[in-house]
Amino acid sequence: SQGHGFSSDHYPCSLRVRSMGGHGEEVNGKVGQEKRVEKEGSPISDEFARNFYLYAVFNGAAFMLKVVNKLEQTFARSLIQCEMPIDPNATFTGSAWCGDRLLVIDQGQTLSSRGQGMECFFKVVAMVFLAILADVVGRKPVLVIGIACTGISALCFLSATASPTWLAYSLFALGQGLQGAYPAELLAGIVVNDLSSEEGTDLVVVNQVQGTLALFNIFVTECLGAWLNSSTSADFATTWALVALSNATLAMCAWKFARETKPKFDVDRTSKGILAGVKDEFHEYGALLLTNKMLRLNLTLFAFVSAFFVGMSVDFSFYISYHKVPISSAVLHLFWKFPVGVACFGIADKLCRKFGMKQGFVILTLTSISFDVLLMPFFLASPYVFLTHQYATLICAGLPVISNAVDARWFDQRLTSKFLSMKSLTEYFVGMMVNPVYGAVFDAHATGYFRRMAPYALMFTFKALNFLLMFGPVWHNPEGLPTVLDRIERERALKDGQREAAEPGQVALKSSDEKKTE
């Protein structure tokens with residue numbers, strides 16, 4: 001507990017049950033002996049109770065960040081102003097200050113894309129300093145600072161609602177950038193690693209708790225985001241005031257109740273200082289890039305993937321502008337992607353188990369790009385073609401999990417941690433550069449086929465380059481992708497064999513709680 005008073009008797013929401021025997025009771029001929037019986041809860045409930053405040057604060061902060069991200073593009077459209085008056089009988093434009101619907105969509109997409117580029121820039125800065133800062137000053141101060149940045153972001157948005165256009169755009173970009181100052185996934189990963197390294201803690205149970213809470217978090221955010229985004233109101237002042245107040249409350253709760261999880265390192269990481277640590281980190285990154293060809297190929301591969309996924313930010317604007325779908329209807333049409341994606345999540349794993357990792361991976365990759373080749377060129381023909389592509393590609397929703405498993409097996413453990421950090425930096429660098437490009441390429445007023453399809457032509461180019469690099473140099477390298485996939489398949493076969501070889505008597509002795517945990 002590191003002096004924070006979190007003894008087992010003080011856990012909130014603890015599921016431990018204690019019963020005390022009365023005094024003066026004779027037990028085995030002895031008088032005045034006290035009986036105490038303690039009944040343990042399940043491992044998951046015990047872990048949740050043990051670190052209740054940490055899970056509550058981290059998932060609360062993640063929830064607020066996701067809510068802000070869900071509203072960004074809608075809020076960007078609400079800031080657009082023009083001279084055309086609002087027609088109360090026309091389709092809602094997305095802004096209370098402009099009656100030109102296509103102009104609102106076009107300028108809103110451009111503003112949102114620039115803001116996302118700014119967010120990626122702040123993420124690069126935070127990524128560089130965060131890991132070292134968390135080791136120097138601790139996880140808790142970094143968490144509080146990150147939550148405070150999200151709160152200040154909401155205050156910037158709140159100020160933008162009452163500012164002139166030129167200032168509102170600047171405040172929007174600054175507010176979106178400040179969200180990047182809190183890379184929630186990275187800090188949560190560091191803390192989960194801290195918790196799983198503590199004595200008596202089960203790594204699997206920690207990830208089960210966090211994974212369950214994260215899934216619930218996403219579901220609630222999707223529902224709330226759909227409800228807010230489908231509204232025909234362009235007044236966000238109350239929303240941003242509530243978000244800012246919630247983040248301020250969350251930051252105070254984090255400072256008062258959340259415990260510090262930073263372990264005692266064998267080597268003092270504070271002696272060199274933050275700037276020296278960052279310099280050493282970049283020096284090591286540079287050395288790895290120069291000496292490891294497979295690392296360079298993988299980062300290039302991931303850069304193309306990231307550039308493709310950035311282009312998906314155009315989907316909503318494309319749908320509501322060229323197919324003239326009302327915003328509220330479009331939100332409902334795309335809302336079901338989340339539950340369908342969850343339902344399809346296990347398909348990738350089943351394919352890899354049936355056909356083998358190598359063949360399963362090839363099937364999934366070819367399926368994904370086939371949907372793009374067959375459907376993308378006809379996006380303008382019908383809104384049903386566009387929606388079919390949106391939902392059909394969810395068959396491959398589990399492919400990123402397979403890709404993450406591959407990333408964890410390219411190199412040894414020490415190099416893998418560096419590779420994953422460089423992978424995140426690559427994602428943010430690409431987002432910083434490519435987001436404004438997609439915003440500039442998209443034109444809601446475009447009339448020709450090629451001009452309207454320009455964002456998707458750019459997306460497909462990035463995906464094609466990724467495909468050629470993956471099944472070219474990366475695939476044919478002696479230590480390339482087939483070797484890694486075979487290694488993962490052998491590991492899974494070994495674990496499956498060990499599980500099947502377990503003695504029936506030992507399995508029968510498992511408690512009902514352990515079976516539920518499995």
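Source: prediction; values computed, not measured.
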Nearest heavy-atom approach of S230 to S328 is O-CB, 3.4 Å
Original post:
Would a distance-only check, ignoring hydrogens and angles, find a side-chain to backbone donor-acceptor pair under 3.5 Å from T365 to F361?
Top reply: yes
- Item | Backbone N/O of C253 and side chain of Y53: donor-acceptor pair under 3.5 Å | no
Would L334 and L387 count as a side chain to side chain contact (heavy atoms under 4.5 Å, CB included) if you check the C-alpha gap in whole Å, the side-chain angles of each, and the deciding distance to 0.1 Å? CA-CA 8 Å; L334 298 174; L387 290 176; 3.8 Å; yes
In terms of the angle between their ring planes, are F75 and W240 parallel, tilted or perpendicular, with boundaries placed at 30° and 60°? perpendicular
State whether D349 and R353 are salt-bridged, where the test is any N-O pair (Lys NZ or Arg NE/NH1/NH2 against Asp/Glu carboxylate O) under 4.0 Å.
yes
Do other residues, nucleotides or ligands put more than 12 heavy atoms under 6.0 Å from F338 CZ?
yes
What one should report as the nearest heavy-atom pair of A154 and V243 is CB-CG1, 3.7 Å
- Query: Are any side-chain N or O atoms of N466 and backbone N or O atoms of L301, one a donor and one an acceptor, separated by less than 3.5 Å?
  - Reply: yes
Scanning both residues in full, the closest heavy-atom pair of I402 with C352 reads CD1-SG, 4.1 Å
CD1 (I145) and CD1 (I152) are apart, to the nearest 0.5 Å, by 10.0 Å
Is there a side-chain contact between F58 and L143 (heavy atoms, below 4.5 Å)?
-> yes
Value for CH2 (W227) from CZ (F335), rounded to nearest 0.5 Å, stands at 14.0 Å
**Prompt:** So, N217 side chain and N59 main chain: donor-acceptor pair closer than 3.5 Å or not?
**Reply:** yes
Tightest non-hydrogen contact, residues L250 and G60, listed as CD2-C, 3.4 Å
Discussion item. Pair W336, Y391 - check side chain to side chain contact (heavy atoms under 4.5 Å, CB included), show working.
Written reply: CA-CA 9 Å; W336 302 103; Y391 284 93; 3.4 Å; yes
Problem set entry | Pairing of K66 and E222 as salt bridge, 4.0 angstrom limit | no
Taking side chain as C-beta onward, heavy atoms only, is E260 less than 4.5 Å from P141?
yes
| query | Is the backbone N or O of V314 less than 3.5 Å from a side-chain atom of S317, with the two atoms forming a donor-acceptor pair by type? | reply | no
- Task: Please check if the distance between the ring centroids of F157 and F236 is under 6.0 Å.
- Result: no
| task | Step by step, work out the side chain to side chain contact (heavy atoms under 4.5 Å, CB included) result for Q390 and D315. | result | CA-CA 9 Å; Q390 292 288 310; D315 286 344; 3.3 Å; yes
Derivation of the side chain to side chain contact (heavy atoms under 4.5 Å, CB included) call for M432 and F429 | CA-CA 5 Å; M432 183 174 62; F429 269 118; 3.4 Å; yes
Value for CZ (F52) from OH (Y55), rounded to nearest 0.5 Å, stands at 12.5 Å
Between the CZ atom in R487 and the CD atom in E491, the distance rounded to the nearest 0.5 Å is 7.5 Å
Of all heavy-atom pairs linking L155 and A244, the shortest is CD2-CB, 3.7 Å
Query raised in the report: Would you say S368's side chain and L364's backbone share a donor-acceptor pair under 3.5 angstrom?
Result: no
Problem set entry | Any donor-acceptor pair under 3.5 Å from E427 side chain to S306 backbone | no
The side chain to side chain contact (heavy atoms under 4.5 Å, CB included) partner of W410 among L481, N292, L295 is L481
Heavy atoms of E489 and M357 approach each other most closely as OE1-N, 3.3 Å
Distance col, row F345:CZ vs C396:SG, nearest 0.5 angstrom, shows 12.5 Å
Taken to the nearest 0.5 Å, the spacing of K337 NZ from L394 CG works out to 6.0 Å
Please check: side-chain N/O of K140 versus main-chain N/O of W255, any donor-acceptor pairing under 3.5 Å?
yes
Q) Are the side chain of S153 and the backbone N or O of C149 linked by a donor-acceptor pair below 3.5 Å? A) no
Counting only N and O atoms by type, is there a donor-acceptor contact under 3.5 Å from the side chain of E72 to the main-chain atoms of Q116? no
